[in-house]
Structures are given as C-alpha cells and as structure tokens.
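First comes the structure, then the notes that go with it.
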Amino acid sequence: MGRSQTGFWCTGLSLLGLLLAALVSSSLVSSVTLGSEAERCCRGVENLEIWGKAVKGGNDLKFNSSKDCCEACKAMCDGGDGDCRCDSWVFCGDRERCKERFGECLLKKQKDVLFPALQVSGDEVIWTSGLIFGEGEGIVSMETEYGSFRIKLFADCAPRSIAYIVELLGSSYCTGCKLHRTEGRGNSWDSEWSNVPNSPLAPPFAFIQGTLEAAGVTFNNIPPEACPLIRAGSVAWIGSGPEFFISLANHDEWTTRAYTVFGSVLPEDMDIVEKIARLPTKPDLWNNVIISALEKPARIWLRRISKTRQDLDLNVDWRSDTSGGS
C-alpha cells in the first residue's frame, strides 16, 4: 500500500484485537439484501487494511464498488481445486480521501487466511478489506462427547462473527461453549428437510441451540450481518449472540427474522447433529414458552480443521480440560 508495516508488527498488539477493534468502530460494506439469496455475499470492513502479498491490482485494477473488487477475488477462487489464488481483497472507495487512488482494488494471497496479516485499522484508514474462504479453508470442528461435526465459516457474509469465532479458537478453555436445547422436526418436515404441506411450522422448531462464550473472552453484541434463508445445517446467532442455533430443517418461513448466518454444517456431518437432536430432553419454561432442554448439556470444544490431514495433530484429546480449541 506504499507504507511500511506498522501497527501489529511494531506495536506487538494482537492481530485479532486490532481486527475486532476495527469491526467495532467501522461500518460494514455489503452487497447482500437481508433475507435474500439472490446475490452472493461480498461483505468487507471499512477503515481496515489487510496486509499480504498482492497478486493483482493497483492502478491497473479499478472498480466502482467494494462488491466488484470482492467478486474479482472470488473469480480467482472458482477453480474448484481448493487452492484460491486470491483469498483477500482491499478496496479504496472513499472518493474524497482516496483521490487518484479511488476505485483501486488489490487482490491478495495470505499465508494463513484464517489469521490474515492485519496492517492497520482506524478512522484514518481509507481502505475497505475482506476475506474469501476457498474450498477446504475456514472450517472449524465442534467437538462433543457424542461426535464431531465440521462447520464452513462464511467470512464474506459475516466478518464480525468470524472474528469472534477465531478468537474462541485461541481461547484456552471454552467453559461457556455448550449445546443445551434441542427441538426435533416432528412430523412437520420431510426427509429432504422441507416443510410438509398443511403441517404446523412449530412446535417443534427443528433446531438445536447452544452458547458460544469462553471464559476470559469479552463478548460484545454482534450487529446483524448477512441473513440468507435458513437451510438445514445453517449456523446462526440468536439475536446478537452468544446464543446460536443449528437448523435441522429449511425454514423458509423465517424470512422476516434477521438471523446472522455465519456458517453451515458440512452435509456429510449432519448425522452427528441429528444424533445430538435425539438426546434425552426435559421441558423447561423460557419467556412463557415451553421448550425442550437437554437433560445433560453437551459441552463444545472448538478446533480448527486444516486443509490437509498432515497439518492435523490427530493424537490430541480435544475434550481434555486443558486443551480447549487452539
């Protein structure tokens, strides 16, 4: 960007801390209409400059919007081979402050896209930045005593949410991370997770619910981000978090609710989610509504899933009290 690397490398500040600070103080640029899947997500964070090796861009690559810059990065990640030539983008969209650099788009490749090289953030930064998780990237595992299931994170839809999940990955002890409620599908949904015609939509509500909050990690309410249709496997915040749910059905009827969907369970792992949904429950009263609470809440351990098996430490017991999810 024409500047030396200051900020993280020279001050010793936490990369994630800077990113979270940027997310709190900056507005979000989005091409997504809430409740619609008509457009692909291409969200970025204003006043944030992500460092990294530029693979394309500058004066030779200019666009009218951050969405176009984001889409140009995605176009370099559509090969289907799991290796994105571009996984991050930086756009200068403030005409007054960018001056002759207005419209500049830099497409970049990170050494580790889940932990990008953050250069600087704050009101003085003229750049808007975003991340793209390609095939095999941005996947975390939720480990429980009943089995593990993998979740693909949506950095291009919910960057604020993903920053928080990454912070949880670095916490040593996820004491508040658990699943504590399960509502089955009953006879309201078919084997394809769609609502059966003329059947009631609820109850049951067809989801499992939990909390993602770790000891020592301050939770700040997450404003609504992308809210596409809720499909079976969708992982979304309830309100502003840290309560979340995993959908067990296609909830087309929830189009008016602003749920932030920040990930999706991989289809081949939905059997574990279904297994948890069948655990013993007991009735409980929440806000004058009778719900089905798990008799024994299921503790969650978060773990990052790497692209290759060789990168994984398969001998670690991720359910020990000292391992957490780093």
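One N or O on the side chain of Thr260 and one on the backbone of Glu225 form a donor-acceptor pair closer than 3.5 Å. Between the side chain of Lys275 and the backbone N or O of Tyr146 there is at least one donor-acceptor pair closer than 3.5 Å. Judged by distance alone, the side chain of Glu213 and the main-chain N or O of Cys177 form no donor-acceptor pair under 3.5 Å. Formation of a donor-acceptor pair under 3.5 Å by the Arg160 side chain with backbone atoms of Pro223 is not found in this model. Judged by distance alone, with hydrogens and angles left aside, the side-chain atoms of Ser240 form no donor-acceptor pair with the main-chain N or O of Asn221 at under 3.5 Å. Within the 3.5 Å criterion, the main-chain N or O of Val289 finds no donor-acceptor partner in the side chain of Asn287. A donor-acceptor pair is defined here as one N or O able to donate and one able to accept, closer than 3.5 Å; such a pair exists between the side chain of His251 and the backbone of Phe205. The backbone N or O of Val125 lies less than 3.5 Å from a partner atom in the side chain of Arg97, making a donor-acceptor pair. A donor-acceptor distance shorter than 3.5 angstrom exists from the side chain of Ser129 to the backbone of Leu48, with no hydrogens or angles considered.
A donor-acceptor contact under 3.5 angstrom links the side chains of Glu143 and Ser141, judged on distance only. A side-chain N or O of Ser88 and one of Gln110 form a donor-acceptor pair less than 3.5 Å apart.
The pair Asp284-Arg181 does not meet the salt-bridge criterion, since no charged nitrogen lies less than 4.0 angstrom from a carboxylate oxygen. Contact check on Glu104 versus Arg101 returns a salt bridge, with a Lys/Arg side-chain nitrogen under 4.0 Å from an Asp/Glu carboxylate oxygen. Salt bridge absent: Glu137 and Lys152 never bring a charged side-chain N and a carboxylate O closer than 4.0 Å. Comment: Glu145 engages Lys296 in a salt bridge, judged by a side-chain N to carboxylate O separation of less than 4.0 angstrom. Looking at Arg43 and Asp156, no side-chain N of the basic residue comes within less than 4.0 Å of a carboxylate O on the acidic one, giving no salt bridge. Under the 4.0 Å criterion applied to side-chain N and carboxylate O atoms, Glu100 and Arg95 are not assigned as salt-bridge partners.
Annotation: side chain of Glu46 is not in contact with side chain of Ile126 (no heavy-atom distance under 4.5 Å). The shortest distance between side-chain heavy atoms of Lys56 and Leu106 does not fall below 4.5 Å. Under the 4.5 Å side-chain criterion, counting only non-hydrogen atoms from C-beta, Ile139 is not in contact with Phe133. Residues Leu107 and Leu61 are in side-chain contact: their nearest non-hydrogen atoms beyond the backbone lie under 4.5 Å apart. Counting heavy atoms from C-beta outward, Ile208 and Val273 have side chains that approach closer than 4.5 Å. Taking 4.5 Å as the limit, every side-chain heavy atom of Val261 sits out of range of all side-chain heavy atoms of Val235. Residues Glu243 and His180 are in side-chain contact: their nearest non-hydrogen atoms beyond the backbone lie under 4.5 Å apart. Annotation: side chain of Trp127 is not in contact with side chain of Phe91 (no heavy-atom distance under 4.5 Å).
Other residues, nucleotides and ligands contribute only 12 or fewer heavy atoms inside 6.0 Å of the CG atom of Asn64. Summarising the local packing, NZ of Lys178 is surrounded by 12 or fewer heavy atoms from other residues, nucleotides or ligands at distances under 6.0 Å.
Between Cys77 and Cys86, the sulfur-to-sulfur (SG-SG) separation does not fall under 2.5 Å. Cys92 does not pair with Cys105 as a disulfide, the SG atoms being 2.5 Å or more apart.
For the pair Lys108 and Trp89, the NZ or CZ position fails the cation-pi test of under 6.0 Å to the six-membered ring centre and within 45 degrees of the ring normal.
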query: Are Tyr259 and Phe245 close enough, and set up right, to give a ring pair (Phe, Tyr, Trp, His ring centres under 6.0 Å), and what steps lead you there?
result: CA-CA 10 Å; Tyr259 293 121; Phe245 71 88; 5.1 Å; yes
task: I would like to know whether Trp237 and Phe262 meet ring pair (Phe, Tyr, Trp, His ring centres under 6.0 Å); could you show each step before the answer?
output: CA-CA 8 Å; Trp237 296 119; Phe262 59 88; 4.6 Å; yes
- prompt: For Ile291 and Leu285, what are the C-alpha separation, side-chain angles and deciding distance, and is it a side-chain contact (heavy atoms from CB on, under 4.5 Å)?
  reply: CA-CA 6 Å; Ile291 62 95; Leu285 188 64; over 6 Å; no
- request: Under the ring pair (Phe, Tyr, Trp, His ring centres under 6.0 Å) rule, what do Phe219 and Tyr164 come out as? Steps first, then yes or no, please.
  value: CA-CA 8 Å; Phe219 182 84; Tyr164 177 69; 5.0 Å; yes
message: Walk me through whether Lys111 and Asp87 qualify under salt bridge (Lys or Arg N to Asp or Glu O under 4.0 Å).
response: CA-CA 10 Å; Lys111 290 183 178 180; Asp87 55 22; over 6 Å; no
